Amino acid sequence: MHALDSLRGIAALSVVLYHCLLVWPSLHATLADHGVPFFHTAQDPLAVALLTIPPPSLLWAGREAVLLFFVLSGFVLAQSFLRGPQPWLPFILRRACRLLLPCLAVTLPVALLVALADPSPQPGWSVWVTGHWAEAPTLGQLTSHALLLAQPYDLNSPLWSLHYEWRISLAFPLLVLLGATGPGRAMLASLAGMALAAAEMRLLGSDWLSSLFFLPHFMLGVLLAQAGAG
């Protein structure tokens with residue numbers, strides 16, 4: 001679907017711009033540090049204000065773009081299930097090739113780059129930058145990045161979105177079945193899962209259920225696909 005490819009390309013560009021802006025300490029404080037309002041930023045308040053309020057901020061709305069990726073994934077993955085029954089194992093193998101093989105291909109070159117460049121913090125960089133590539137890569141870190149095992153992904157932080165893509169994929173056939181029960185029930189159940197994940201993070205301080213936080217986004221894609229097929 002060319003329109004969706006274009007939409008995904010625009011969203012990907014906004015993610016790139018978002019990460020570029022995170023290098024700037026004052027913008028990092030606004031864009032990534034728990035949503036601090038621009039008027040609480042001591043450094044370059046006017047520039048930060050102009051860059052972080054609409055309409056300019058729509059060009060690098062990285063977080064929102066990732067959520068759009070999740071909706072698009074739900075929509076695209078549901079297409080194959082709407083065409084007929086999909087056995088779970090072949091589906092998961094296809095998703096593994098789609099998600100894990102690129103991670104395997106990228107992880108080792110990034111690790112070599114870190115080892116060769118030996119980056120050190122520079123004045124004027126945000127804590128987001130200095131927190132990456134701060135130590136020599138370890139075998140456990142490489143394995144975790146290549147197989148999307150656990151956060152944080154300090155060598156390649158955008159992998160966090162694939163982390164959730166992979167985990168939702170494992171249960172995606174269940175999402176399709178849930179969507180078939182009706183839009184209202186499906187979204188209500190998804191929102192209940194999000195609330196459960198938020199409660200776990202808030203009350204227990206863990207993230208075992210964090211994948212459920214993005215369940216409504218994938219479900220919205222599934223429901224859009226089912227509505228289009230109907």
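This one's a predicted model, so the numbers in the text were calculated from it and none came from an experiment. Each residue takes its place number in the sequence, starting with 1.
- Partners of Phe75 under the ring pair (Phe, Tyr, Trp, His ring centres under 6.0 Å) rule, at least two apart in sequence or in another chain, do not exist in this structure.
- Judged as a side-chain hydrogen bond (donor to acceptor under 3.5 Å, both in side chains), not a single pair has a partner in residues 136-148 (not counting sequence neighbours).
- Side-chain contact between Val114 and Leu155 is present, with at least one heavy-atom pair separated by less than 4.5 Å.
- Looking at Phe218 and Ser190, their side chains never come closer than 4.5 Å, going by heavy atoms from C-beta outward.
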### Leu224/Val71 under side-chain contact (heavy atoms from CB on, under 4.5 Å): CA gap, chis, key distance, verdict
CA-CA 9 Å; Leu224 288 172; Val71 175; 4.3 Å; yes

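- Side-chain contact between Leu159 and Cys103 is present, with at least one heavy-atom pair separated by less than 4.5 Å.
- Closest of all the heavy-atom pairs between Ser169 and Leu77 is OG-CD1, 4.4 Å.
- Partners of His163 under the side chain to side chain donor-acceptor pair (under 3.5 Å) rule, at least two apart in sequence or in another chain, are Tyr153, Arg167.
- Heavy-atom minimum distance, Val15 versus Gly62: CG2-O, 3.9 Å.
- Looking at Leu22 and Val129, their side chains never come closer than 4.5 Å, going by heavy atoms from C-beta outward.
- Between Phe214 and the choices Trp166, Phe69, Tyr164, the ring-ring contact (aromatic ring centres under 6.0 Å, His included) rule is met once, by Tyr164.
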Output a table of donor-acceptor pairs, distance under 3.5 Å, between side-chain atoms of residues 192-207 and any protein atom two or more places apart or on a different chain; print 'none' if there are none.
from	atom 1	to	atom 2	distance (Å)
Glu200	OE1	Leu209	N	3.1
Glu200	OE2	Ser206	OG	2.8
Glu200	OE2	Trp208	N	2.9

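- Residue Leu149 shares its hydrophobic cluster (ILVMFWY side chains chained together at separations under 4.5 Å) with Leu101, Leu104, Leu147.
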### Query
What's the verdict on ring pair (Phe, Tyr, Trp, His ring centres under 6.0 Å) for Trp60 and His19, showing C-alpha distance, side-chain angles and the deciding distance?
CA-CA 9 Å; Trp60 42 79; His19 284 90; over 10 Å; no

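- His132 approaches Ser157 most closely through the heavy-atom pair NE2-CB, 3.2 Å.
- Applying the side chain to side chain donor-acceptor pair (under 3.5 Å) criterion to Gln79, with sequence neighbours excluded, gives no partner residue.
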Compile the donor-acceptor pairs under 3.5 Å between side chains in residues 176-189 and protein atoms, sequence neighbours left out, one pair per line.
from	atom 1	to	atom 2	distance (Å)
Thr181	OG1	Leu178	O	2.5

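- Remark: Phe213 engages no residue in a ring pair (Phe, Tyr, Trp, His ring centres under 6.0 Å) (not counting sequence neighbours).
- Looking at Tyr18 and Glu64, their side chains never bring a donor and an acceptor atom within 3.5 Å of each other.
- Closest heavy-atom contact between Pro158 and Ser161: O-OG, 3.1 Å.
- For Phe81, the ring pair (Phe, Tyr, Trp, His ring centres under 6.0 Å) partners at least two apart in sequence or on another chain are Phe91, Phe172.
- Listed by first then second residue, pairs satisfying salt bridge (charged side-chain N to carboxylate O under 4.0 Å, His left out) with a partner in residues 7-16 read Asp5-Arg8, not counting sequence neighbours.
- Across all non-hydrogen atoms, the minimal contact from Leu59 to Leu17 is O-CD1, 3.7 Å.
- Within the structure, salt bridge (charged side-chain N to carboxylate O under 4.0 Å, His left out) contacts touching residues 93-112 (residues at least two apart or in different chains) are Arg95-Glu165.
- Between the side chain of Trp88 and the backbone N or O of Leu170, at least one donor-acceptor pair lies under 3.5 Å.
- Every pair tested for salt bridge (charged side-chain N to carboxylate O under 4.0 Å, His left out) that includes a residue from residues 15-25 fails, sequence neighbours excluded, so the list is empty.
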